[in-house]
Amino acid sequence: MTQTDQFSGRPIAPDAAEVLQKFRVSGGRPFHSYPLEQVRELYERNCAANGLSGDLLPSATEFSVGHFKVGIYDPRTTGGRTPAVLFLHGGGWVMGSLSTHDGLCRRLASLTTMPVIAVDYRLAPEHPYPAAIDDSRVALQWLFDAGNEHGLDVTEAVLVGDSAGGQLAAVLANENANTTKPLPIVGQVLMYPMLDLTMSSPSYKRVTDGFPLVADTIAWFADNYLPEGIDRSAPDISPALAQLPAGLPPTYVITVDNDPLVDEGANYAAALAQAGTEVQYQHLPGYAHGLFTSAGRIPRGEQTVDHVAAFIRDRTIY
């Protein structure tokens with residue numbers, strides 16, 4: 001039976017209740033209430049405990065690209081030309097790694113039957129803006145240009161990101177559509193993306209307590225990522241406020257109800273449609289931010305990963 005949450009006033013889905021209750025019984029402290037190194041370790045442990053189990057793949061390798069690393073999850077047993085997924089992890093630009101999203105990337109590779117390239121971009125506050133987006137730009141170009149290094153002959157790519165990674169994916173897609181020689185980006189998947197760091201949407205006032213990620217958490221992420229005095233409405237910081245270009249690829253936007261980011265995700269899906277982009281929008285009542293890094297414990301998260309993989313497959317050509 002679906003229950004109404006005492007903090008958000010919105011439903012909690014039955015399959016999400018156990019994970020949320022465990023969080024609250026353990027103290028219910030949101031991410032921003034911990035010291036930086038401690039929250040990074042906690043995030044690693046929680047993703048390992050609650051995430052998807054690691055599907056076995058023929059190949060999983062790491063490469064150094066400049067100042068950062070990438071992980072390549074290749075489900076194929078033979079080479080040849082192939083589409084690929086560029087995956088950008090969440091964690092508010094201050095936490096997260098190849099290991100936090102390892103199970104998710106392995107599952108996407110297994111379901112799509114194409115290589116998934118995960119970007120281990122540099123984290124703030126040690127490496128503030130624009131480090132994360134600069135590394136993401138480099139990784140995208142490297143994917144297409146460095147076949148002699150990584151061994152992939154990539155024909156086209158789909159961008160996928162959760163939370164802060166969704167912001168990075170959206171920025172890459174917008175910039176690519178604006179260039180005179182765009183790369184073959186054929187889709188993007190934005191999973192509860194962080195798109196407006198002016199934090200001006202109403203859902204910030206609704207989700208303020210009782211969850212690992214609340215409004216003050218987003219503010220803490222932004223303060224760690226962004227240099228003081230920077231314009232937070234800039235297009236590579238808040239893509240929801242950007243003038244969207246023509247020629248954006250088909251986009252799948254996913255939001256969850258118990259999330260301060262829900263309104264900006266919904267608004268961005270509408271803005272994409274108004275800009276002439278093919279959009280698939282899915283809103284999941286009863287679920288909170290972190291669904292996809294808890295998909296090993298919450299069945300709806302795992303089911304939605306299946307939907308993401310189907311979207312990717314439908315937009316790529318072998």
Side-chain angles (χ1 to χ4, degrees), residues 40 43-44 47 51-52 54 57 59-75 82-109 112 114-147 149-152 154 156-176 183-195 221 224-225 236-237 239 249 292-293 305 308-309 312:
R40 285 174 173 169
Y43 189 57
E44 293 278 345
C47 290
L52 292 167
L57 299 173
S59 174
T61 54
E62 291 186 14
F63 291 85
S64 292
V65 182
H67 300 292
F68 62 96
K69 292 182 178 180
V70 300
I72 297 183
Y73 303 88
D74 195 344
T82 181
V85 173
L86 187 73
F87 184 88
L88 301 150
H89 71 76
W93 311 279
V94 305
M95 58 189 189
S97 65
L98 295 179
S99 61
T100 56
H101 290 67
D102 178 81
L104 177 56
C105 288
R106 287 174 177 272
R107 181 63 56 86
L108 287 174
T112 62
M114 66 185 69
V116 173
I117 295 82
V119 183
D120 194 18
Y121 54 84
R122 291 170 292 168
L123 299 177
E126 298 91 339
H127 304 284
Y129 167 88
I133 186 58
D134 280 350
D135 291 353
S136 301
R137 292 173 179 129
V138 170
L140 177 60
Q141 199 66 52
W142 179 84
L143 176 61
F144 283 99
D145 291 351
E149 182 178 351
H150 53 59
L152 302 176
V154 176
E156 57 192 12
V158 176
L159 306 174
V160 180
D162 69 312
S163 193
Q167 181 247 24
L168 297 172
V171 170
L172 290 182
N174 292 347
E175 291 179 345
N176 187 66
L183 296 169
I185 305 301
V186 296
Q188 62 174 329
V189 181
L190 310 179
M191 307 156 82
Y192 38 65
M194 197 179 298
L195 299 167
F221 287 157
N224 276 281
Y225 177 53
D236 64 350
I237 294 173
F292 296 105
T293 47
V305 173
V308 169
I312 294 169

Give the minimum heavy-atom separation between P75 and P115, together with the two atoms involved. CD-N, 3.8 Å
Of all the heavy-atom pairs spanning S99 and E44, show the shortest one and how long it is. OG-OE1, 2.6 Å
Any non-hydrogen side-chain atom of R40 less than 4.5 Å from a side-chain atom of L123? yes
Closest approach of C47 to T100 (non-hydrogen atoms, all atoms of both residues): CB-O, 3.4 Å
Residue pair L190 / A170: nearest heavy atoms and the distance that separates them: CD2-N, 4.0 Å
Got a second to check how far L104's CG is from L52's CG, nearest 0.5 Å? 6.5 Å
Heavy atoms only: give me the nearest F63-H150 pair and the separation to one decimal. CZ-CA, 3.8 Å
L152 and D74, any side-chain heavy atoms less than 4.5 Å apart: yes
Is I185 close to L140 at the side-chain level, that is, under 4.5 Å between some pair of heavy atoms? yes
Close side-chain approach of H89 to V119, heavy-atom, < 4.5 Å: no
Quick check for you: to the nearest 0.5 Å, what is the distance between L183 atom CG and E156 atom CD? 12.0 Å
Under a 3.5 Å threshold, yes or no: a donor from one side chain and an acceptor from the other, between Y73 and D102? yes
I'd like to check the ring pair (Phe, Tyr, Trp, His ring centres under 6.0 Å) partners of H127; sequence neighbours left out, ordered by chain and number. none
May I ask you to test the E175-D236 pair for a side-chain heavy-atom distance under 4.5 Å? yes
Measure the spacing between CZ of R137 and CG of L168 and express it to the nearest 0.5 Å. 9.5 Å
State whether the side chain of Q167 and the backbone N or O of P193 hold a donor-acceptor pair below 3.5 Å, judged by distance alone. no
Do the non-hydrogen side-chain atoms of L88 and L172 ever get within less than 4.5 Å of each other? yes
Taken to the nearest 0.5 Å, the spacing of L195 CG from I237 CD1 works out to 13.0 Å
Taken to the nearest 0.5 Å, the spacing of D135 CG from K69 NZ works out to 13.5 Å
Is the closest side-chain heavy-atom distance between V158 and T112 below 4.5 Å? no
Does the pair Y129 and W93 meet the rule for a side chain to side chain contact (heavy atoms under 4.5 Å, CB included), with working shown? CA-CA 9 Å; Y129 167 88; W93 311 279; over 6 Å; no
Report yes if some heavy atom in the side chain of F87 is under 4.5 Å from a heavy atom in the side chain of D162; otherwise report no. yes
Roughly how far, to the nearest 0.5 Å, is CD1 of I133 from OH of Y225? 6.5 Å
All heavy atoms of L57 vs all of A109, minimum pair found to be CD1-CB, 4.1 Å
Full working for side chain to side chain contact (heavy atoms under 4.5 Å, CB included) between M95 and F221: CA-CA 9 Å; M95 58 189 189; F221 287 157; 3.8 Å; yes
